[in-house]
Enquirer: 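Take a look at the following structure, please.
Note that these values count all heavy atoms, side chains included, but never hydrogens, waters or copies made by symmetry.
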Amino acid sequence: MAELKETLSGNIVDFSGERNEEFMENVALCDEELLEQFLESGALDESLVPGLIRERKLYPCFFGSALKMQGVSEFLDGLKTYVESPEYGEELGVRVFKIARDDQGNRLTHVKVTGGVLRGRMELTGADGSWQEKIHQIRVYSGSRYETVSEAPAGMVCALTGLTETFPGEGLGIETVKNKPVLEPVLNYRIQLPEGVDAAAVLPKFRLLEEEEPELHLAWNEQLQEIEAQVMGEVQVEILQQRIKERFDLDVSFGTGNIVYKETIANAVEGVGHFEPLRHYAEVHLWMEPGEPGSGVQAKSVCSEDWLDRNWQRLILTHVMEKEHRGVLTGAPLTDVKITLIAGRAHLKHTEGGDFRQAVYRAVRQGLMQAESVLLEPFYEFTLEVPETAVGRAMTDLEQMGAVFELKQDVSMKSLSSMNQNASMNSLSSMNPKGSLLCGQGPVSTMQNYARELAAYTRGEGRLVCVPAGYRPCHNADEVIAQIGYEPERDLENTADSVFCAHGAGFTVNWREAPGYMHIQTGAGKKPDEDSDLSDAEETPSGGSADEEFIDIEEIDEILMRTSHANRKPEPISHKGISGKKARSLTAKPVGLAKPRKGGYSSGRERYLLVDGYNIIFSWPELNELAKTGIDAARGRLMDILCNYQGLKKCHLILVFDAYRVQKHPTEVIQYHNITVVYTKEAETADQYIEKFAQEKGKDYHVTVATSDGLEQIIIRGAGCRLMSARDLESDVKRAAEEAREYMSDSTGGGY
């Protein structure tokens with residue numbers, strides 16, 4: 001008892017003896033309130049003892065021998081008397097603690113029911129909602145035997161069949177907290193299979209072991225066609241080797257263990273990705289910043305739903321988390337990074353789910369290529385006991401290994417236990433309390449084999465206990481990076497380049513130049529706000545860089561010729577008659593609004609000008625600046641400008657604004673002075689309204705559309721209508737206003 005108190009805790013009390021005054025005094029010493037009660041009355045209320053045990057203020061100890069049946073009944077009586085049964089609620093709660101398989105290969109999910117009643121054929125849903133499956137059987141095991149029951153009440157431990165997505169530590173129902181494994185693999189071993197055994201064929205079998213052992217991680221090396229196992233150390237390797245032999249009758253060996261490195265970033269950057277081959281479209285902007293050590297990869301969104309629908313945002317966050325992203329220093333997994341979605345863009349017709357996957361992967365990679373990356377390596381928290389004569393050698397070794405430590409001489413085991421409450425430290429109870437202790441932290445890469453060296457130079461008297469202490473910056477990063485020799489730009493499976501579309505085909509843009517081609521400019525360099533609505537973001541025209549205003553009409557004609565006439569045989573062009581006029585009209589280029597092309601439209605037809613309102617607002621610098629203070633002000637200013645413009649051009653001017661996000665909103669058409677303003681109905685964008693108008697009216701009237709949306713331009717041009725970019729419309733508005741001023745000045749003798 002004295003050794004237990006010195007090694008573990010002074011609150012250990014012998015419960016196997018009589019309940020005399022000495023026993024009550026030892027119990028009372030564990031709690032101040034209980035001690036005052038005992039000193040005042042000289043008695044002890046034993047009903048308070050279970051509460052002390054539950055709060056870990058008191059640790060009961062029973063002595064006996066199971067072999068000789070001594071003390072067994074007293075121990076069982078003590079369990080019944082001093083252990084409180086938990087109170088279970090009515091709602092269903094299930095905690096998964098083990099995955100196994102029976103002799104027939106059926107997958108068993110061992111659980112404890114922590115609330116409600118679990119019934120056969122009941123349907124369970126994963127804590128994150130990612131799966132939904134039915135229970136086939138509820139089994140209650142006793143050794144290798146089991147019986148099938150129809151239901152399992154709260155408190156029962158049982159095994160479930162029929163579930164394929166569960167994992168140890170998962171909570172179902174009200175048990176939503178997921179317990180992650182305490183130990184994390186720090187060493188990587190190559191599994192060497194017997195000759196003639198296909199690695200790809202046995203990988204699914206080894207995955208069964210990974211399911212059952214949360215501490216085991218298996219990775220498939222696609223380039224080398226090899227299986228790699230990430231484990232804690234040599235002992236786990238030996239156990240894994242034995243289990244593979246027993247389960248699959250394979251004699252495998254393991255190569256030399258390598259350290260499992262990770263990478264993070266030291267500064268905040270904006271990563272951008274664009275994926276736009278022909279008939280596909282997605283753009284993603286991610287803000288990446290360092291996270292807390294050990295936090296892994298975290299993802300959230302501050303993107304306004306006015307810019308990108310919620311379903312697309314959820315899909316983007318899913319793609320961020322679904323992949324183990326690779327760093328750019330050594331290709332090691334990325335960790336301790338906060339990733340925030342700040343902007344994105346989809347196309348109503350051409351965007352598919354896979355497009356955003358490509359854009360997300362490229363955005364993350366592009367951000368990593370810009371950021372200041374940091375190589376991380378696993379560390380141990382160690383406690384080293386050595387004889388007095390070996391202290392100098394031990395300190396020298398630790399300094400050479402890059403460890404940080406503190407020397408504590410003649411420290412008793414009780415003090416050692418109080419320094420580190422980790423359960424692994426309790427194994428030090430067998431140490432000699434005399435001697436010198438060195439406590440600190442050091443890299444796994446240098447300390448993984450030190451126990452053997454320690455045993456050799458201390459002749460078995462030295463003791464080393466190591467506990468994983470997470471990941472920290474690598475002590476010899478330059479050496480490791482040079483040894484691995486990873487070249488990020490040659491890793492085509494994790495490319496940082498973006499894909500854009502021009503001339504009817506996709507082309508690749510290097511990650512360094514990609515930001516200039518993006519269709520959204522978010523103001524990189526500023527940390528996104530939780531309530532940010534991207535009011536300062538600017539949308540640039542689709543189809544090129546921010547300096548380009550629209551796709552050239554000749555390019556659009558070429559695209560239409562390739563898509564519409566690709567399967568037609570070339571026909572000879574007649575030099576006379578209508579066929580010659582049609583052939584020549586295909587290459588005619590319209591100039592301005594007031595100059596119809598020759599051979600195209602009759603000058604007597606009515607002329608319509610359709611303006612994509614928000615596209616123009618975000619394209620004109622004056623209106624875009626005004627929109628930052630209020631979109632209503634920018635909209636009103638544009639309407640006033642176009643009223644003056646219509647008076648000079650004498651055309652039917654229709655200004656179209658999106659209102660498709662307003663629930664149950666009908667198409668609203670209002671007359672604002674001399675122009676028509678249209679607010680689209682629910683689920684109809686301005687692009688759709690303009691395209692429909694162009695298709696219906698394009699053959700009978702002069703229809704010109706003012707927009708810088710490259711995809712919309714192709715459709716409008718295909719309908720036989722004219723195009724004006726936002727820049728051309730702005731120039732024409734200014735030119736018309738200047739001509740009006742000159743005319744008024746001449747007519748009034750310079751008095752205007």
Enquirer: Report the residue from Thr396, Leu407, Leu384 that forms a side-chain contact (heavy atoms from CB on, under 4.5 Å) with Val391.
Expert: Leu407

Enquirer: Okay, side chain of Arg472, backbone of Pro443: is any donor-acceptor separation there less than 3.5 Å?
Expert: no

Enquirer: Indicate yes or no: does Arg362 engage Asp497 in a salt bridge with an N to O separation below 4.0 Å.
Expert: no

Enquirer: To the nearest 0.5 angstrom, please state how far the CE atom of Met395 sits from the CG atom of Leu438.
Expert: 6.5 Å

Enquirer: Would you give the length of the straight line joining atom CG of Leu398 to atom CZ of Phe382, rounded to the nearest 0.5 angstrom?
Expert: 4.5 Å

Enquirer: Check Leu58 against Asn11 and note the closest heavy-atom contact, atom names and distance.
Expert: CD1-O, 3.7 Å

Enquirer: Check whether any side-chain heavy atom of Glu210 sits under 4.5 Å from a side-chain heavy atom of Phe206, and report yes or no.
Expert: no

Enquirer: Should the heavy atoms of other residues, nucleotides or ligands under 6.0 Å from CD of Glu493 be counted, would the total exceed 12?
Expert: no

Enquirer: With a 4.0 Å cut-off, would you call Glu175 and Arg95 a salt bridge?
Expert: yes

Enquirer: Is it true that atom CD of Gln225 has more than 12 heavy atoms of other residues, nucleotides or ligands lying nearer than 6.0 Å?
Expert: yes

Enquirer: Is the shortest side-chain heavy-atom distance between Arg393 and Val386 below 4.5 Å?
Expert: no

Enquirer: Could you tell me which non-hydrogen atom of Glu461 sits nearest to which non-hydrogen atom of Pro387, and how far apart they are?
Expert: OE1-CG, 3.2 Å

Enquirer: Whether the side chain of Glu377 engages the backbone of His475 through a donor-acceptor N/O pair (distance < 3.5 Å, no angle test) should be reported.
Expert: yes

Enquirer: What do the steps show when you test Lys338 against Ser295 for side-chain contact (heavy atoms from CB on, under 4.5 Å), and what is the final call?
Expert: CA-CA 9 Å; Lys338 294 179 181 178; Ser295 61; 6.0 Å; no

Enquirer: Say whether, by atom type as modelled, one donor and one acceptor occur between the side chain of Asp336 and the main chain of Gly296 under 3.5 angstrom.
Expert: yes

Enquirer: Would you mind reporting whether Thr495 and Trp511 have side-chain heavy atoms less than 4.5 Å apart?
Expert: no

Enquirer: For a 4.5 angstrom cut-off between non-hydrogen side-chain atoms, does His110 reach Leu108?
Expert: yes

Enquirer: For the atom pair OG (Ser9) and CZ (Arg56), what is the distance rounded to the nearest 0.5 Å?
Expert: 11.5 Å

Enquirer: Got a sec, which residues hit side-chain hydrogen bond (donor to acceptor under 3.5 Å, both in side chains) with Asp198, two or more places apart in sequence or on another chain?
Expert: none

Enquirer: Using 30° and 60° as the class boundaries, would you call the ring planes of Tyr450 and Tyr457 parallel, tilted or perpendicular?
Expert: tilted

Enquirer: Keeping Glu263 on the side-chain end and Val328 on the backbone end, is there a donor-acceptor pair under 3.5 Å?
Expert: yes

Enquirer: If I take atom CD from residue Gln298 and atom CD from residue Glu292, how far apart are they, to the nearest 0.5 angstrom?
Expert: 8.5 Å

Enquirer: When you check the side-chain N and O atoms of Gln366 and Gln370, is any donor under 3.5 Å from an acceptor?
Expert: yes

Enquirer: Could you check if a side-chain atom of Val202 sits within less than 4.5 angstrom of a side-chain atom of Ile227, using non-hydrogen atoms only?
Expert: yes

Enquirer: Taking the side chain from Gln441 and the backbone from Ala469, do they hold a donor-acceptor pair closer than 3.5 Å?
Expert: no

Enquirer: Going from CG on Leu317 to OG1 on Thr340, what distance comes out if it is rounded to the nearest 0.5 angstrom?
Expert: 9.0 Å

Enquirer: Determine whether the side chains of Glu322 and Tyr361 contain a donor N or O and an acceptor N or O closer than 3.5 Å.
Expert: yes

Enquirer: Would you check if Tyr380 and Val186 make a side-chain contact, meaning some heavy-atom pair closer than 4.5 Å?
Expert: yes

Enquirer: Would you check, one step at a time, whether the test side-chain contact (heavy atoms from CB on, under 4.5 Å) holds for Leu208 with Arg247?
Expert: CA-CA 10 Å; Leu208 302 180; Arg247 290 280 295 272; 4.2 Å; yes

Enquirer: Can you check whether Val13's main-chain N or O pairs, donor with acceptor, with Asn26's side chain at less than 3.5 Å?
Expert: no

Enquirer: Does the pair Ile53 and Glu84 meet the rule for a side-chain contact (heavy atoms from CB on, under 4.5 Å), with working shown?
Expert: CA-CA 9 Å; Ile53 297 174; Glu84 293 183 344; over 6 Å; no

Enquirer: For a side-chain contact (heavy atoms from CB on, under 4.5 Å) check, start with the C-alpha distance between Arg365 and Asp491, then their side-chain angles and the critical distance, and finish with the verdict.
Expert: CA-CA 11 Å; Arg365 191 70 169 180; Asp491 187 354; 3.8 Å; yes

Enquirer: Quick one: list whatever passes ring-ring contact (aromatic ring centres under 6.0 Å, His included) with Tyr141, sequence neighbours left out.
Expert: Tyr146

Enquirer: So, for Leu163 and Glu133, which heavy atoms are closest and what is the spacing to 0.1 Å?
Expert: CA-OE1, 3.3 Å

Enquirer: Shortest non-hydrogen contact from Ser373 to Leu368?
Expert: OG-O, 3.9 Å

Enquirer: Looking at the rings of Phe15 and Tyr82, which for Trp means the six-membered one, are their centres under 6.0 Å apart?
Expert: yes

Enquirer: Would Arg326 and Glu324 pass as an ion pair if we require N to O under 4.0 Å?
Expert: yes

Enquirer: Is there a side-chain contact between Thr166 and Arg107, using heavy atoms and a 4.5 Å cut-off?
Expert: yes

Enquirer: How many angstroms lie between NE2 in His319 and NZ in Lys323, if you round to the nearest 0.5 Å?
Expert: 12.0 Å

Enquirer: Do the non-hydrogen side-chain atoms of Phe379 and Val404 ever get within less than 4.5 Å of each other?
Expert: no

Enquirer: Which atom names give the shortest non-hydrogen contact between Cys61 and Phe63, and what distance separates them?
Expert: SG-CE1, 3.7 Å

Enquirer: Taking only residues two or more places apart in sequence, or in another chain, which ones meet Phe97 in a ring-ring contact (aromatic ring centres under 6.0 Å, His included)?
Expert: none

Enquirer: How close do Ala390 and Thr458 get, counting heavy atoms only, and between which atoms?
Expert: CB-CG2, 4.1 Å

